[in-house]
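Step one of this worksheet: look at the structure below.
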Amino acid sequence: MAGRTPNGALDDVQARRLRRGFRKGVFVIPSLLTTANIFCGFYSVMESLAGIKALALVPLSRSIDFVIDPGDLRMATEHFDRAAVVIGFAALFDLLDGRVARMTNSTSEFGLELDSIADVISFGVAPAVLAFAWGYGQVPDLHNVGWAASFLFVICGALRLARFNVQARRPHSNLPPKNPKIDKKAFVGMPIPVGATMIASITHFSPRPLGYSADTHLWSLWIGSQVYSTALLILVVFLAFLMISTLRYSSLKNIGVGNRNPRILIIGLALVVILIWFYSRWVLLIVSTVYVSHGVLVKLWSLVKPRRAGTAHSEIELDTKPSPEVRS
């Protein structure tokens, strides 16, 4: 048998080093995307604080000219709009880091923990601060209640992430077995990025601070800034409870999987990107509202639709013989 030449051995060593370096690079990519997620969350918080600082120079009064905004109010509006937009970018990075980790088979315990920390910052603290600064925090009557509502959103989001991490580490002896079909197709409770993007889409749709919004009349009803702020506060509390609920939300992980005609998927994604680029305020608000609502609507439909449990049970008894093991 001919021995391996020195050049051949050197080539093998270099090939192994290249493969090892490539493998390390693959593991780094999801962490870099998660780091970008954290940066977006931090940037959103800083923009919200800058918006509050700008509003400190604007008097909270109905005598403000709502046609021509004061310069400080326009600056605050721009800060809040940027704070909302970067939350959307954080959601994009959060989606990409999970997809890349699964595609490259580079998932790890470290990545899971880092992703959870990033989500608490970008989708817990950042939208809670944005809702307080842009929405109800500027209304004196809602200041303390708004503070509590924002904290409730953060703690419920943290609990939602903790439950997700526990479910990701199954099976355990002290936990019930999971249903693979449900775990693959649905989340238990509304995901925290959805609640954050809901708040961000509302802010992006109307970035002017609610405390300085003009009064409107709808069906002979007067709607002032305090009404809008109260509605936002109720929405934030509602989103917080949706995150810790047991409602099923579609994971959307099967989109594009098994599609025999990928051109349709590519065209669909291109249309979505174009619509978001030109009509981001309307499209993002509609998409967020539809996703937040569909878990509640599906649950309500399951409660009101006629049950066929008795019919299904009778069909099973016709096909199988009853035994002591299967009787309830």
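Counting heavy atoms from C-beta on, the side chains of Phe153 and Met243 come closer than 4.5 Å. For the pair Leu49/His79, no side-chain contact is recorded, criterion being any heavy-atom separation below 4.5 Å from C-beta on. Contact annotation: the side chain of Val292 approaches that of Met190 to within less than 4.5 Å [non-hydrogen atoms, C-beta and beyond]. Inter-residue side-chain proximity for Ile202 and Leu235 is flagged as met; some heavy-atom pair is nearer than 4.5 Å. A 4.5 Å side-chain heavy-atom check between Lys299 and Val304 finds every atom pair outside the cut-off. Looking at heavy atoms from C-beta onward, Ile192 lies out of side-chain contact with Phe164 at the 4.5 angstrom threshold. For the pair Pro207/Arg281, a side-chain contact is recorded, criterion being any heavy-atom separation below 4.5 Å from C-beta on. Ser250 is listed as a side-chain neighbour of His294, based on a closest heavy-atom distance under 4.5 Å.
Taken to the nearest 0.5 Å, the OG atom of Ser206 stands 12.0 Å off from the CZ atom of Phe80. Taken from CG in Asp115 to OG in Ser31, the straight-line distance is 9.5 Å, to the nearest 0.5 Å. Rounding to the nearest 0.5 angstrom, the gap separating the CD atom in Glu78 from the CZ atom in Arg208 is 13.0 Å.
Residues Ser122 and Asn37 come closest through the heavy atom pair OG-O, 2.6 Å. Closest heavy-atom contact between Leu142 and Tyr136: CB-O, 3.8 Å. Shown here for Val236 and Ala131, the closest heavy-atom pair between the two residues is CG2-CB, 4.1 Å. Residues Leu210 and Tyr228 share a closest heavy-atom pair of CD1-O, 3.8 Å. For the pair Pro209 and Thr77, the tightest heavy-atom approach, listed with the atom from each and the gap, is CD-OG1, 3.6 Å. The two residues Leu55 and Ala133 come nearest to each other via the heavy atoms CD1-O, 4.3 Å.
Taking Ile, Leu, Val, Met, Phe, Trp and Tyr as members and joining any whose side-chain heavy atoms lie under 4.5 Å apart, directly or through other members, Val298 forms no hydrophobic cluster with any other residue. Here Ile274 sits in one hydrophobic cluster together with Val272, Leu275, Ile276, Trp277, Phe278, Tyr279, Val283, Leu284, Val287; the rule is ILVMFWY side chains under 4.5 Å apart, joined directly or through other members. Counting Ile, Leu, Val, Met, Phe, Trp and Tyr side chains that sit under 4.5 Å apart, directly or through other members, Ile286 shares a hydrophobic cluster with Val290.
No path of Ile, Leu, Val, Met, Phe, Trp and Tyr side chains, each step under 4.5 Å between heavy atoms, connects Ile52 with Met75, placing them in separate hydrophobic clusters. The hydrophobic cluster containing Ile199 also contains Ile155, counting ILVMFWY residues as joined when their side-chain heavy atoms lie under 4.5 angstrom apart, directly or transitively. Follow the hydrophobic side-chain contacts under 4.5 Å out from Ile121 and you never reach Leu92; the two are in separate clusters. Cluster membership check: Val86 does not share its hydrophobic cluster with Leu130, using side-chain heavy-atom separations under 4.5 Å among Ile, Leu, Val, Met, Phe, Trp and Tyr. Connection of Val45 to Tyr43 is not established within any shared hydrophobic cluster, with ILVMFWY side chains joined at heavy-atom distances below 4.5 Å, either directly or through further cluster members.
In this structure, the side chain of Ser44 does not engage the main chain of Gly41 through any donor-acceptor pair within 3.5 Å. Of the possible polar contacts, none joining the Ser288 side chain to the Ser201 backbone as a donor-acceptor pair under 3.5 Å is found. For Trp134 (side chain) and Thr203 (main-chain N/O), no donor-acceptor pair under 3.5 Å exists by modelled atom type. Counting only distance, with no hydrogens or angles, the side chain of Arg163 and the backbone of Val188 share a donor-acceptor pair below 3.5 Å.
Checked against ring-ring contact (aromatic ring centres under 6.0 Å, His included), Phe132 has the following partners two or more places apart in sequence or in another chain: His143. Looking at residues two or more places apart in sequence or on another chain, you find a side-chain contact (heavy atoms from CB on, under 4.5 Å) between Phe241 and Leu152, Val237, Ile244. Annotation: side-chain contact (heavy atoms from CB on, under 4.5 Å) contacts of Pro191 (sequence neighbours excluded): Arg160, Phe187, Pro193, Val194, Tyr249, Tyr291. With sequence neighbours left out, the side chain to side chain donor-acceptor pair (under 3.5 Å) criterion links Ser116 to Asn165. Considering only residues two or more places apart in sequence or on other chains, Val129 meets the side-chain contact (heavy atoms from CB on, under 4.5 Å) condition with Ser48, Val125.
The side chain to side chain contact (heavy atoms under 4.5 Å, CB included) test with Asp97 is passed by exactly one of Leu114, Leu32, Leu33: Leu33.
For residues 231-242, there are no side chain to side chain donor-acceptor pair (under 3.5 Å) pairs, not counting sequence neighbours. Listed by first then second residue, pairs satisfying ring-ring contact (aromatic ring centres under 6.0 Å, His included) with a partner in residues 87-122 number zero, not counting sequence neighbours. Judged as a salt bridge (Lys or Arg N to Asp or Glu O under 4.0 Å), the pairs with a partner in residues 40-52 (not counting sequence neighbours) are, in order, Glu47-Arg82. The ring-ring contact (aromatic ring centres under 6.0 Å, His included) contacts involving residues 189-209 comprise Phe205-Trp282, where partners must be two or more places apart or lie in separate chains.
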